[in-house]
Amino acid sequence: MKVRLLLILSVLIAFCACREDKISDDPALRLAFSKDTVAFDTVFTNIGSATTRFMVYNNNANAVVISRIWQEAGTAFKVNIDGETDLSRTSDWQLRGGDSLMVFVKVHIDPTKQNAPVLEEDNLYFSVNGNIQTVHLEAFGQDVHLIKTKNRLTVRDMMTFEADKPYLIFDTVAVRNKLSIKAGARLYFHNDASLLVYGSLEAKGTLQQPVTLQGDRIDRLYDSVPYSYVSGMWGGVYLLDEKDAPAKTYTLNYVEILSANVGLFCVSEKTTGLPQLTLLNSRIHNHAVYGLVVQHMDATVANCELSNAAAYCAYLSGGKHRFVHSTIASFFNYTNVRIQSAMREDVAAVYINNISKNNIPTQASFRNCIVTGVRKNNLLVATPLPHYYEDTIANNYLKADTLHIAAAFNNIYWPEDDTTHVFRNTYYKYKVYDYYDFRLDSLSPARGIADSATALLYPFDRLGQPRVRYAEGDTIRPDAGCYQF
């Protein structure tokens, strides 16, 4: 009985194998592809790109013979088909019924000596039973200013970043005297590279031409997750003021600092004659530790978004800090799919440290702001005598405990049973490619609660929308935060 069963099984296996290996020359049979176009994100010249892949399927019952696979140009794109990199060896390639091939594609673009991106294109052809099928290959190549040395440290006395083409920064860059960043400048930092400023800083972006600082991985971790969405991709920006250094100023307008370990770290050793930080119309988003740190420095932060840091979005210690019309939102790692590189600590979005014996007093005011996040209390004022805390916290929307300080008034506090959306989107919907969006929801409780007199100091929001508007002769009160609905 066992012998008979084995004989029947052997016959069935042989029969199935014969059917799968039967080669058809029917011109109606065609291959299927997981992608008809392989498109790379912008590729920096001389650097290359990550490898991407696609699949070739024979969904037919019978085998087919791919008589030839070839590229039209064969210059920028390098193709690997099931381990074979020499396409001249891929002639008469038999692909069984229901089987597939995996194709890897990598692109390397020679320096173009042109500032604008250049489109590189090619076609990969498959010839089967007299039919020619095509997969299109395309990538934009961008020439760059390359900063790279053997010891991974570049030190300059003075430095200017221009906007003619991007900077690819492999080194930590340290500027001793003055750093200038022009409108439209794009700085891409390699893993662990940072920007250290020991002198003054002037970053002069505009609404149409912001200054951008981010990691140099501009390809994708997954199809729906660009590396620009992954925190901890580079070191961060450090403004470091030494004790005996001359007084200095830092001015950043329309600056985007994205997905580093620390966004903007501003620390002075002085206790008198403090440096001045002015941060306007800027966005500090998605950092693996801190967003903004200000210690022993006077700061004005207006029309800014500080969002998604694993620790504090804003840590303030020593000095006078004035926040106006800013959105501080701590929703780091709020999704089910953990795309960030660090685990979020259970900390407030804003921490005001006025209890350290080693620091000068901290005075931090918040007007027409939003402070919220996943934690119940997102604004923590650490001060020994709350009723004597001097600065004003007024006309804000706060997801926080009620503030027991003398100058806290006209604030709207988040009730625990309220499910109203403050923002358009507070988590990453990776399946529909929908990223965080901290503009206000139509029903947001932060709408119309801001002080109109304060809003006149910043009549336009971070995106250029007017704050003070009129309808049938009546003034519409401005919204809290950096975005007007």
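All values derive from a computational prediction rather than experimental measurement.
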Q: Which atom pair, heavy atoms only, marks the closest approach of Leu403 to Ala408?
A: CB-CB, 4.0 Å
Q: Do Thr52 and Phe104 have side-chain heavy atoms sitting under 4.5 Å apart?
A: no
Q: Is atom OH of Tyr397 surrounded by more than 12 heavy atoms (other residues, nucleotides or ligands) closer than 6.0 Å?
A: yes
Q: Name the atoms and distances for all side-chain donor-acceptor pairs under 3.5 Å in residues 150-160, with sequence neighbours left out.
A:
{"from": "Asn151", "atom 1": "OD1", "to": "Thr149", "atom 2": "OG1", "distance (Å)": "3.0"}
{"from": "Asn151", "atom 1": "OD1", "to": "Leu153", "atom 2": "N", "distance (Å)": "3.2"}
{"from": "Arg152", "atom 1": "NE", "to": "Phe170", "atom 2": "O", "distance (Å)": "2.6"}
{"from": "Arg152", "atom 1": "NH2", "to": "Phe170", "atom 2": "O", "distance (Å)": "2.7"}
{"from": "Arg152", "atom 1": "NH2", "to": "Asn191", "atom 2": "O", "distance (Å)": "3.3"}
{"from": "Thr154", "atom 1": "OG1", "to": "Asp171", "atom 2": "OD2", "distance (Å)": "2.7"}

Q: Would you call Arg424 and Asp441 a salt bridge, using N to O less than 4.0 angstrom?
A: no
Q: Ring pair (Phe, Tyr, Trp, His ring centres under 6.0 Å): which pairs involve residues 253-278, sequence neighbours left out?
A: Tyr238-Phe265
Q: State, without any angle test, whether Tyr483 and Arg462 hold a side-chain donor-acceptor pair at a distance under 3.5 Å.
A: yes
Q: Donor-acceptor pairs under 3.5 angstrom involving side-chain atoms of residues 364-373: please list them, not counting sequence neighbours.
A:
{"from": "Asn368", "atom 1": "OD1", "to": "Asp451", "atom 2": "N", "distance (Å)": "2.9"}
{"from": "Asn368", "atom 1": "ND2", "to": "His325", "atom 2": "NE2", "distance (Å)": "3.0"}
{"from": "Asn368", "atom 1": "ND2", "to": "Asp451", "atom 2": "O", "distance (Å)": "3.0"}

Q: Answer with yes or no whether the side chains of His287 and Ser231 bring together a donor and an acceptor at under 3.5 Å.
A: no
Q: I'd like a table of donor-acceptor pairs (distance under 3.5 Å, sequence neighbours excluded) in which one partner is a side-chain atom from residues 347-356, with atom names and distances.
A:
{"from": "Asn353", "atom 1": "OD1", "to": "Ile355", "atom 2": "N", "distance (Å)": "3.2"}
{"from": "Asn353", "atom 1": "OD1", "to": "Ser356", "atom 2": "N", "distance (Å)": "3.4"}
{"from": "Asn353", "atom 1": "ND2", "to": "Tyr315", "atom 2": "OH", "distance (Å)": "3.0"}
{"from": "Asn353", "atom 1": "ND2", "to": "Ser317", "atom 2": "OG", "distance (Å)": "3.4"}
{"from": "Asn354", "atom 1": "OD1", "to": "Thr362", "atom 2": "N", "distance (Å)": "2.8"}
{"from": "Asn354", "atom 1": "ND2", "to": "Thr383", "atom 2": "OG1", "distance (Å)": "3.0"}
{"from": "Ser356", "atom 1": "OG", "to": "Asn358", "atom 2": "N", "distance (Å)": "3.3"}

Q: Are there over 12 heavy-atom neighbours, none belonging to Lys182, within less than 6.0 Å of that residue's NZ?
A: no
Q: When you check the gap from the basic side-chain N to the acidic O, do Arg467 and Asp461 get nearer than 4.0 Å?
A: no
Q: Hey, what do you get for OG1 (Thr300) to NZ (Lys320), rounding to the nearest 0.5 Å?
A: 11.5 Å
Q: Is there any salt bridge (Lys or Arg N to Asp or Glu O under 4.0 Å) pair reaching into residues 278-298, and which pairs are they, with sequence neighbours excluded?
A: Glu256-Arg283, Arg283-Glu305
Q: Using 0.5 Å steps for rounding, measure from the OG atom of Ser442 to the CZ atom of Phe485.
A: 5.0 Å
Q: Would you say Lys35 has more than 12 foreign heavy atoms packed within less than 6.0 Å of its NZ?
A: yes
Q: Checking Lys78 now: which residues fulfil salt bridge (charged side-chain N to carboxylate O under 4.0 Å, His left out) with it, not counting sequence neighbours?
A: none
Q: Any chance the side chains of Asn411 and Asn396 put a donor and an acceptor closer than 3.5 Å?
A: yes
Q: To the nearest 0.5 angstrom, please state how far the CG atom of Asn281 sits from the OG1 atom of Thr206.
A: 10.0 Å
